[in-house]
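Have a look at the structure below, then the notes.
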2 protein chains.
Amino acid sequence: MNTDGNNAAGTIGATKTSFGIVEHIRDHDASGVSEIANDLGISKSTAHNHLKTLAELGYVVRQGDEYALGLKFLDLGDHARTRHALYHASIGEMDDLVEAVGERGQVMVEENGRGVYIYQVKSEQGLQTDSHIGTTVDLHTTSVGKSYLAFCDEERRNEILDGELTRLTTKTIDDRDALEAELATIRERGYAFNDEERITGMRAVGAPILSDDETILGSISVSGPTTRMKGEWYHTEVPEMVTQAARVIGIRATYS
Amino acid sequence: MNTDGNNAAGTIGATKTSFGIVEHIRDHDASGVSEIANDLGISKSTAHNHLKTLAELGYVVRQGDEYALGLKFLDLGDHARTRHALYHASIGEMDDLVEAVGERGQVMVEENGRGVYIYQVKSEQGLQTDSHIGTTVDLHTTSVGKSYLAFCDEERRNEILDGELTRLTTKTIDDRDALEAELATIRERGYAFNDEERITGMRAVGAPILSDDETILGSISVSGPTTRMKGEWYHTEVPEMVTQAARVIGIRATYS
DNA sequence: GCGTTTCGTTCGGGTGGGCCGAACGAACGT
DNA sequence: ACGTTCGTTCGGCCCACCCGAACGAAACGC
């Protein structure tokens, strides 16, 4: 009765269902049994059994008559990012960078062909956007992502850029050749701009974090509205500060 | 062939196995198929199938010939704590508090009878301890936990303190009556001390975060070594600052 | 106050798939 | 070149996952 057919052989259906439920709860903040059963196309009793199991394990908690995500995921998430040397190396330095620039800063690593923010520092002028810790983004639409693409292996880059380049704004670079040209420029000067390529009205400056053996660990950026990110400040001073911070973080990451 | 027997009726075994694998990876940073199969008492092929499924979902990633936790957990963990109004309310204020006191600060909420740190601010004098984001602690062994116990419903307190009170140091309050007396004191003066009750050589000052309708949302604390946490500073000045911060956070949490 | 709806939960029964053991292939290290 | 150990694949058995139906509780409207 499943409409799928996308079952790779030798995979566990129950696990997929459990995580499907978890993700449903994540996307709705909290969910009830019937709602989940309807949305996922499973029976109420099945949804109930999964939730009972997840609750017993501590991964979901009851909130009145609904279920919410348990804080055990916080522990898992922390372990996941602690693996990355870049995380420890960037913490203090990013705070300094954000203070100096006065705009939001973020640290990104690549996973499964997408960029994941593992650390984020808010600036004084708190500007709400949709990016949180753990948010994933298309690499070609951000300054952090382009920094990464510019400095990773060509082989890996081809794997990542294999498919269609999604277009998020009118300025998104969705042509592969144009993107390669942009990456060459970034590779040459050592940092990347983002001029409203992901969100209209937002600009950013990013730079790669390189280990001492030239392998790329991830990248960092600061981002703010076009009203403040402009002129000499945006084109030379901020890039100077970002690349300097990236150098320091790279060094700290290699000696950890 | 399972040695357990602890299967509550109507729960999904495959889900338990999958999360068992995830937790094994967490505890070992990275694990291989055979290692997991041995430690969990399952066959290699079963472990393989679970890992294949988890990898397909993006919750584990291959690292050479081992598996590590994927950053998808970071997203889930962030959503789990974002549910708590206390998290947003405490961010800026805790940083200020830590700067003023000069010692590490943490924010705790209760889940399943244990305390979970959802935010932590390191101080200048970086002191390494074993507590991270997502760490769980016994409530009766910390200043945050005792603050919570002192101000939550009596009914809830009885549920939580039902079992044995684990003893972590010679100073841990492991007697129920003594603990109740301590809680009464805390309730009266509005804040809690921790004098080497969890880790020898560490002291802390904690205070509850109360919503305007007197319900408790969690608690905060600052903690440092006994060499610095002493005298008038520890006994009156720090408590003053902690309770003041707690008041502000409580107000911010109710109007969010 | 009573019908109505919708919630979460429990209960069996059927069968699909999860689990295992054995075999295979590759990568080391000696 | 050998032995060991890794990850992976392949069949088959039988258990447990999934479902549908029935139950109990709570919240609604008339």
Side-chain angles (χ1 to χ4, degrees), chain A residues 1-25 27-70 112, chain B residues 1-25 27-70 112:
Chain A
M1 208 49 50
N2 276 334
T3 58
D4 48 18
N6 57 356
N7 283 349
T11 56
I12 314 293
T15 297
K16 292 186 182 180
T17 303
S18 276
F19 277 102
I21 289 174
V22 166
E23 291 176 7
H24 185 280
I25 295 173
D27 296 337
H28 294 74
D29 277 355
S31 312
V33 173
S34 298
E35 182 190 351
I36 290 173
N38 282 333
D39 291 356
L40 298 188
I42 57 179
S43 72
K44 265 197 304 179
S45 52
T46 299
H48 174 72
N49 286 338
H50 279 271
L51 285 167
K52 189 174 181 180
T53 307
L54 290 168
E56 185 184 316
L57 294 173
Y59 289 101
V60 305
V61 291
R62 303 205 52 133
Q63 258 198 163
D65 55 350
E66 292 191 317
Y67 291 89
L69 292 184
N112 295 322
Chain B
M1 204 50 50
N2 274 336
T3 58
D4 47 19
N6 57 357
N7 284 348
T11 56
I12 314 293
T15 298
K16 291 185 181 180
T17 303
S18 276
F19 276 102
I21 290 174
V22 166
E23 291 176 6
H24 185 280
I25 296 173
D27 296 337
H28 295 72
D29 277 355
S31 311
V33 173
S34 299
E35 183 189 351
I36 290 173
N38 282 333
D39 291 356
L40 297 190
I42 58 179
S43 71
K44 268 198 302 180
S45 53
T46 299
H48 174 71
N49 285 338
H50 278 271
L51 285 167
K52 189 174 181 179
T53 307
L54 290 168
E56 186 185 315
L57 295 174
Y59 288 101
V60 303
V61 291
R62 302 205 55 133
Q63 257 199 165
D65 55 350
E66 292 191 317
Y67 291 89
L69 292 185
N112 295 322

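Order of the sequence lines fixes the chain letters, A, B, ..., with proteins taken first and strands second; residue numbering starts at 1 for each chain.
For the pair A:L51 CG and D:dC18 C1', the interatomic distance rounds to 15 Å; values are reported in whole Å. Taking atom OH on B:Y67 and atom P on D:dC6, their separation rounds to 14 Å, with Å as the unit. Atom CD of A:E66 and atom P of C:dC7 are 11 Å apart (whole Å). A straight line from CD1 of A:I36 to P of C:dT6 spans 19 Å, rounded to a whole angstrom. Remark: P of C:dG8 and CD1 of A:I42 are 13 Å apart, rounded to the nearest angstrom. In this structure, A:N49 places its CG atom 10 Å from C1' of D:dC19, rounding to the nearest Å. Rounded to whole Å, atom P of D:dC18 lies 15 Å from atom NZ of A:K52. Atom C1' of nucleotide C:dT6 and atom CG of A:D65 are separated by 11 Å, given to the nearest angstrom.
Each of A:N38 and A:A14 lies near DNA chain C, and the nucleotide nearest A:N38 is the one positioned closer to the 5' end. Residue whose closest nucleotide on DNA chain C sits further toward the 5' end, between A:G13 and A:G32: A:G32.
Listed pair A:H48 / C:dG8 fails the phosphate criterion, with no side-chain N or O lying under 4.0 Å from OP1 or OP2. Between A:T46 and D:dC19 there is a side-chain polar atom (N or O) within less than 4.0 angstrom of OP1 or OP2. A:H50 has no side-chain polar atom (N or O) that falls below the 4.0 Å cut-off from OP1 or OP2 of D:dC17. A close approach under 4.0 Å does occur between a side-chain nitrogen or oxygen of B:S34 and OP1 or OP2 of D:dG7.
Atom OG1 of B:T17 is separated from atom CD1 of A:I12 by 8.5 Å, given to the nearest 0.5 angstrom. With rounding to the nearest 0.5 Å, the separation of OH in B:Y67 from CD1 in B:I25 is 9.0 Å.
In this structure, the nucleotide among C:dC20, D:dT8, C:dG8 sitting nearest to the side chain of B:R62 is D:dT8. Out of D:dG7, C:dC20, D:dG20, the shortest distance to the side chain of B:S45 is found at C:dC20.
Every residue was checked against the side-chain hydrogen bond (donor to acceptor under 3.5 Å, both in side chains) condition with A:E66, not counting sequence neighbours, and none meets it.
Not one N or O on the side chain of B:T15 forms a donor-acceptor pair closer than 3.5 Å with the backbone of A:T15. The backbone N or O of B:N49 sits less than 3.5 Å from a side-chain atom of B:T53, completing a donor-acceptor pair.
With the 3.5 Å cutoff on both pairing distances, Watson-Crick and G-U pairs in DNA chain D assemble into runs of at least 3 at C:4-6 with D:25-27, C:8-24 with D:7-23, C:26-28 with D:3-5.
Closest approach of B:H24 to B:D39, counting heavy atoms only: NE2-OD2, 2.7 Å.
In this structure, the ring of B:F19 has its center less than 6.0 angstrom from the ring center of A:F19.
Between the side chain of A:K44 and the base of C:dG8, a donor-acceptor pair under 3.5 Å is found.
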